[in-house]
Every structure is written in C-alpha cells, then in structure tokens.
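As structure tokens, the structure follows; a few thoughts come after it.
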Amino acid sequence: MIYADNAATTRLSPGALAAMTPYLTQTYGNPSSLYSFAGEAKAALEEARETVARCLNARAEEVFFTSGGTESDNWALRGVAEALGKRGRHILLSAIEHHAVLHTGQWLKKQGFEVELLPVDDQGTVAPETLKKALRPDTILVSVMLANNEIGTIQPIEELAAIAHEGGAIFHTDAVQAVGHIPVDVQALGVDLLSLSGHKFHGPRGVGALYVKKGTPLLPLIHGGGQEHGRRSGTENVAGAVGLAAALRERQDALAADGPRLAALRDRLVQRVLRLPYARLTGHPTRRLPGLASFVFEAIEGESILLQLDARGICASSGSACSSTSLEPSHVLLAIGLPHPVAHGSVRLSFGEAVTEGEVDQVADSLTQVVHDLRAMSPVWDAAAGRPIW
Ligand SMILES: *Cc1c(COP(=O)(O)O)cnc(C)c1O
C-alpha cells in the first residue's frame, strides 16, 4: 500500500508513541491533584508546552492544549467574537478556509455577526490588496489559513497580519497543515492566534493547540474546572500533549532535510502527471506545501479516480476528506475559479516524509493509467479528438 493522504491524517510516529505511553499506563495522575505522583504528570504537560512554544518561537504561557484543530479554530473565532462583539461585529475569513473555520463563521452569522469571505486568485492566494479593501473600522477579526489542505497554497501571512493590525483587527491563522511541514514562527508571522493539530504531523489524534499571543482578547470556549489557566477547562490530555510535542520536535529537527527532498519529489510527480492532456495542477505552483500535489482532470470524476487508485493500493483523496461523501464540488476549487465539471475531477496526493522516489513514480504511473482508462469510458471525452466534448 502507498499512503498518499497525509493531509487527512498521518501515521503516529514511533517516537511520539514511546514518549506518550508512560502517561497512559504508569504516570496517570490528574495534573491538578496535589500529591507528587500527579506532579509528575503536571511536569510532563508543562514540558510539552515548552517544547511546542520553542518550535513556534512562542512563550510557554501562550500555548493552550485543545482537542484538535477543529476546537482551536472554533475557540479562536468564537473567543474573539465574544470578547470584542461590543466593539465591532465584522469578521473576515478567506473563502478557502477549512470547514472548522467556515462553519464557525456561519454560526457567528446566526449570532448577529457580519461575516464576509475574502476571495482568492486562481492560485488560491488572498491578495494583500483584497484584505486592505475589505477591512472596515468595525472589523474585529481576520482569519486566513497558513496553508490550504486541498491545494497546498501558502498564504502571505506576514503581510496579511500586518494589514489586519493596521486596521485594528485581531489576526488568526489556521496553521494545521503547515506546522511540522514548513517552518512556522509566530513572531515572524506576526499573528495573534494560531491553530495546530497533532495528527497532521505524526502526533496523536484528538489533541491540538491554540497559540494565543499575550494580551489577545479571547474568551473561553469550554467552561469547567479552570484548567489551562482558566482558559480551556477539562482534565488535561497529558499523554496527548506529550505525544504532540514529541512528534513536533521530531518534525522540526528533520524539516531542513525533509522539506527540500519532499518538494523535489512533489515536483517530479507534477511534471509526470501533467504530461496528460487536460490536466492541471491546482494551487500555487511554488508557494505550496512540500508534500502536497493536487490536480484536476477534465471529463472524469475524482471519486472514480480514487476507487481505481485504491484498487492499485494507493490511498489518495479528492477535495477534502470532509466533503468526499457529498456531491458538491469543493468550495476551494470553486473559489479558485474552476467550473463545476472541472472541479469534479480533482485528486489530492499528500506524501509523508518517508515516501521514496520509487513510490512517487508508481503513483505517477498509476494515476496516468487510471486517467487514461476512465477517459476511455467517459461519455464526455472525445477519444478520437483526445479532448473533452465541451
Ligand atoms: C485537519 C484540519 C483541521 C481540523 O483538525 P482536527 O484536528 O482534525 O480537528 C482544521 N484545519 C485544517 C486546515 C485541517 O487540515
């Protein structure tokens, strides 16, 4: 099997598993308890926090553990909206955000906020000019993801955050696809809030974090026992936090070598696949995640491609995992201006750091063959002319 769906989730690293196991089996004390046995768990939690902070160039007291990327995104948006709702009610989100952001935006709209979507260009980039024009005196929050989960485009976050701040707005970025895959420095980016999730970088599922720059107005989303300095209640997931931190440190240490290697393999795949006619790469050609290649193929369905790839032992994805059961084409592909019928033929391949050149070539060959075969059967492909009937 070739697993090429690392943007959906990743394999837990053996190092992360080893680091977290003692906190599931032996050192199981509740970090809030007062005996020294619990103190060991508390110390491990705080060490994990420090590791995450170091990897992000943040301070430990700015890192809050959550149940994952979805919660971090919900908290960032709702927390700021509720904290600043009296000052303004205008919120800007990019049109290609993950549903964890977009659906939270829809919920806020129902609560009386004015939520506006920032359009992207045909490569999936939010132009700084676009944000500049959309900002208003009552804009309280701007949320633009660091790297897109479907097309891999990396946004000019530094510029966007600076523009948001000039306009007096708080800036959040969903960095779930970026952390562990490209260098992420919260100081250099200049963001106020940043979401990350363990299982997208070989950590465990069900644990994530929100970076909250000191002084950022943010009300809690989850109320209860007052853990995480009263900002995120619930008995801490010590093993999860330890596993997340161990995985992040591993990725961070390997980034300098893995990034360029993965990018070269990605480019090799793209070059081979684009020998097919009526095939395009989606997203930015160079400002994109190193391990992610996404395509559209005219005159065939992405779902059919996935089934055929699966039959050949290749795990891939079409659009986002969340929308793979719906018939609507992905909002991301529509936002970059692809017509409906073209957007239906999308495939995303996202490689892990362990992928080999041989595997990438096998994926390129299989994908090429599958597209050929499906087009031969497609009612909207003119085989004689070698082009779609439209
Ligand atoms: C996976 C993902 C999320 C959700 O993270 P979970 O930890 O699965 O809840 C949010 N945003 C992006 C961009 C993602 O890729």
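What you see is a predicted model; the values in this text were computed from it and never measured. Numbering of ligands and ligand atoms starts at 1, following listing order.
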Tabulated below should be the N or O atoms of ligand 1 paired with protein N or O atoms at under 3.5 Å; can you produce that?
unit_1	atom_1	unit_2	atom_2	d
ligand 1	7 (O)	G69	N	2.8
ligand 1	7 (O)	S197	OG	2.6
ligand 1	7 (O)	H199	NE2	3.4
ligand 1	8 (O)	H199	NE2	2.8
ligand 1	9 (O)	T70	N	2.9
ligand 1	9 (O)	T70	OG1	2.6
ligand 1	11 (N)	D174	OD1	3.4
ligand 1	11 (N)	D174	OD2	2.6
ligand 1	15 (O)	Q177	NE2	2.7
ligand 1	15 (O)	K200	NZ	2.7

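Note: H99 and H331 have tilted aromatic rings, judged against thresholds of 30 and 60 degrees for the angle between ring planes.
The minimum heavy-atom distance linking G259 with P290 is given by the pair O-CB, 3.7 Å.
A heavy-atom distance below 4.5 Å is found between the side chains of V212 and R231.
With sequence neighbours left out, E359 forms a salt bridge (Lys or Arg N to Asp or Glu O under 4.0 Å) with no residue at all.
Surrounding CD of Q369 are more than 12 heavy atoms belonging to other residues, nucleotides or ligands, all under 6.0 Å away.
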>> Between L218 and L210, is the side-chain contact (heavy atoms from CB on, under 4.5 Å) condition met? List the steps.
In response: CA-CA 11 Å; L218 183 80; L210 184 67; 4.0 Å; yes
